[in-house]
Amino acid sequence: MEAEGWIKDVFDWVQQNPNWTGLIIFAFSFLESLLLVGIVFPGAAFLVSLGALIGLGVLDFYSAWFWASFGGFCGDGLSFWIGHYYRERLLTMWPIKRFPHLIDNGQRFLKKYGGVSIVIGRFVGPVRPIIPAIVGIMGMPVSRYILISLLASFLWAPFYLLPGILFGSAIESMAKVAVKLAALSLVLAALVWLIFWLIQFVYHLFVPRAYRWLSRVLAWSQKHPKLGRITSGLVDPRQPETGSLAMMAFILAIFTVLVIAFMAGNQLLIDWNQTSEGFFYTFHNPWTLPLMQWLLYLGHDLVLWLMTGLVAAWLIYRRLHLVLGHWLILSFSAYLFSVIICRIDHGQWHFVSSHHAFWYVALCAFWAILVAGAYPIKWRSWPYIVTAVLAALYLFATLFFFKLTLPIALLSGIMAAIWAMVVGIAFRTRYRRQFLGLPLKLIFLITTLTAPIAAWLFFPNSSHIEKPQWLSQQDYNTTTGWANTGKQQLDIHITGELQTLKTGLAGQGWQALPVKTWANLITALAVNKNGNLPVLSYVHKGELEYLLMTKTHGEQLWALRVWPDSSAQAKQWSATVTRHKRDTDWWFFHHWGFVETLTDKSDLFVDFTKAGLLVTQSTNGWQVTINPEPQKSP
């Protein structure tokens with residue numbers, strides 16, 4: 001399975017298949033505008049992400065504008081036709097009748113702004129999928145509607161594309177240095193948008209029906225005294241909850257073990273996991289590591305114990321003993337679940353680690369349950385959104401560092417959310433009062449922002465990358481340059497002491513440069529275009545050059561980049577030589593821009609020979625042998 005190059009393949013596919021891309025844009029815009037469907041369909045998030053591709057130069061702006069506008073116009077048109085055809089009967093039909101508040105909001109909006117509401121409503125999320133149908137119900141002439149809707153759709157598409165375009169343009173220069181960082185930023189942004197939409201949808205679906213469902217569970221437990229013991233302690237405050245929680249924990253543990261045992265031998269899941277590992281390995285380079293390390297340390301045990309202790313201390317101070325009991329039950333039980341899951345998955349105990357995903361997700365979810373009730377009704381979903389986004393980013397980081405397999409990460413996240421919900425139900429049935437937990441919120445936020453840094457300092461090895469065996473065995477004989485350079489072949493194979501090579505080439509005018517990432521980026525932003533420009537690093541198998549040497553050739557610069565060879569033998573190296581010219585992006589990003597991989601190596605052969613290196617030609621490129629320096633006689 002090829003773990004490199006898929007990002008470029010996606011970009012190439014988008015550029016080479018503009019018709020298919022246009023149809024996909026049309027479909028998303030159409031569904032985003034369709035009656036009721038647009039409320040739950042994340043079409044706006046897709047258009048923002050699409051704008052980022054436009055900003056990166058992957059997609060044409062005008063074609064995207066056309067297809068997005070056309071899709072929005074058709075979606076609105078179908079909604080208008082439904083309202084125009086059914087008129088008042090539509091308000092009594094399923095599923096429209098299940099959303100009376102949306103209809104009321106749309107009707108008030110239309111009465112307030114008249115026909116202009118079609119244009120204004122296009123930019124207001126809650127009423128966008130409703131207004132065309134209401135306009136149809138109220139009998140607006142078709143010709144008048146078409147003219148207004150065309151104008152609204154024409155203006156709406158660039159409004160949603162523009163933020164993504166600005167984002168994509170802002171990272172274009174960085175993408176030339178670290179295309180994987182740019183792609184990772186897009187993936188994380190899309191993940192945040194998806195979690196935001198999903199939690200909003202689930203929250204508004206579940207909360208209005210929660211008490212009705214719990215009442216049914218309570219009634220069922222009273223009718224079935226034997227099986228009802230499992231749930232009666234959770235939903236009936238008159239019953240002790242300890243037995244029910246213990247039984248639910250036991251059932252959850254058995255179910256988790258059975259699922260892990262099933263996943264271990266399922267070839268389809270194994271293939272999916274290898275696909276995900278190849279996906280995450282694509283992003284491995286020094287540009288992405290700092291961000292992902294911080295996300296991984298969000299769930300380090302030091303952070304979670306610190307959060308557990310600080311929250312417990314505050315609850316003791318406030319004498320909220322019932323809240324304290326549930327908080328400690330949730331935290332300690334989730335820690336045990338995490339240790340057991342890691343033992344089954346890894347084959348060894350991890351009592352202190354950065355990949356106890358079950359613990360982190362459960363703790364975040366229960367914290368949201370504790371503080372959400374103190375918010376006004378319209379803001380109560382936000383604690384769940386914030387914690388869900390953090391949990392998703394943390395799980396993303398555990399997969400990035402190969403700490404967990406994809407099935408185990410998903411299972412941990414789902415089971416942890418269920419366990420937090422179970423303990424939360426038991427807590428809420430016994431504690432109906434809402435408390436202003438500002439210290440609770442500050443503890444969570446401050447710990448989330450600062451404690452990972454301490455964990456990073458005290459446990460630096462927790463983010464060590466141990467590649468899966470199948471991935472370690474793959475041999476990539478290319479190096480990834482900037483976004484517009486593709487891959488450079490490692491066609492120079494070196495045997496010997498690298499220090500001797502460095503000394504010999506220094507005598508021929510080559511200069512060894514320190515390998516930098518963010519420091520070179522800052523230099524590129526600050527230096528004058530005629531000054532000492534930085535040479536930006538390349539990446540091979542997730543690592544920067546082990547040695548970088550340059551030599552000026554007229555107006556150009558040659559760069560020799562050396563990495564340890566893939567073979568297990570010591571003192572084996574692979575290298576490439578690239579040509580560069582003075583380049584400027586966006587009038588302020590000055591650097592040595594890539595021209596091409598060096599093809600005419602005659603001058604390079606002379607330098608190598610004069611440096612005392614033995615160069616022979618082979619089918620794989622140059623074979624360079626470094627003669628050891630003669631020992632000085634005493």
Audit row: Leu330, Trp419, side chain to side chain contact (heavy atoms under 4.5 Å, CB included) steps and yes/no: CA-CA 8 Å; Leu330 185 283; Trp419 180 236; 3.7 Å; yes
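Closest of all the heavy-atom pairs between Gly424 and Ile369 is CA-CD1, 4.0 Å. Residues Val371 and Pro383 come closest through the heavy atom pair CG2-CB, 4.0 Å. Residues His300 and Val352 approach most closely at CE1-CG1, 4.2 Å, considering heavy atoms. Thr387 and Phe444 get closest at one heavy-atom pair: CG2-CZ, 4.1 Å.
Atom OG of Ser354 and atom CG of Leu295 lie 12.0 Å apart (nearest 0.5 Å). To the nearest 0.5 Å, the span separating CG on Leu302 from OG on Ser353 amounts to 12.0 Å. Separation of atoms CH2 (Trp349) and CD1 (Ile340) is listed at 6.5 Å; rounding is to 0.5 Å.
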Counting only pairs under 3.5 Å, give me each side-chain donor-acceptor contact of residues 396-418, with atom names and distances, residues two or more places apart or in other chains.
unit_1, atom_1, unit_2, atom_2, d
Thr398, OG1, Leu395, O, 2.6
Lys403, NZ, Ser462, O, 3.1
Lys403, NZ, His464, O, 2.9
Ser412, OG, Ile408, O, 2.8

For residues 357-367, please give each side-chain donor-acceptor pair under 3.5 Å, one per line with the distance, not counting sequence neighbours.
unit_1, atom_1, unit_2, atom_2, d
Trp359, NE1, Ser331, O, 3.2
Trp359, NE1, Ser331, OG, 3.2
Trp367, NE1, Leu440, O, 3.3

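Every residue was checked against the side chain to side chain contact (heavy atoms under 4.5 Å, CB included) condition with Tyr317, not counting sequence neighbours, and none meets it. In this structure Ala313 satisfies the side chain to side chain contact (heavy atoms under 4.5 Å, CB included) test with no other residue, sequence neighbours excluded. Applying the side chain to side chain contact (heavy atoms under 4.5 Å, CB included) rule to Ile316 yields the partners Leu324; only residues at least two apart in sequence or on another chain are considered. Under the side chain to side chain contact (heavy atoms under 4.5 Å, CB included) criterion, Trp294 pairs with Leu298, Leu449, Pro452, Trp456, sequence neighbours left out. For His355, the ring pair (Phe, Tyr, Trp, His ring centres under 6.0 Å) criterion is met by His346, His350, not counting sequence neighbours.
Counting only distance, with no hydrogens or angles, the side chain of Tyr297 and the backbone of Ala451 share no donor-acceptor pair below 3.5 Å.
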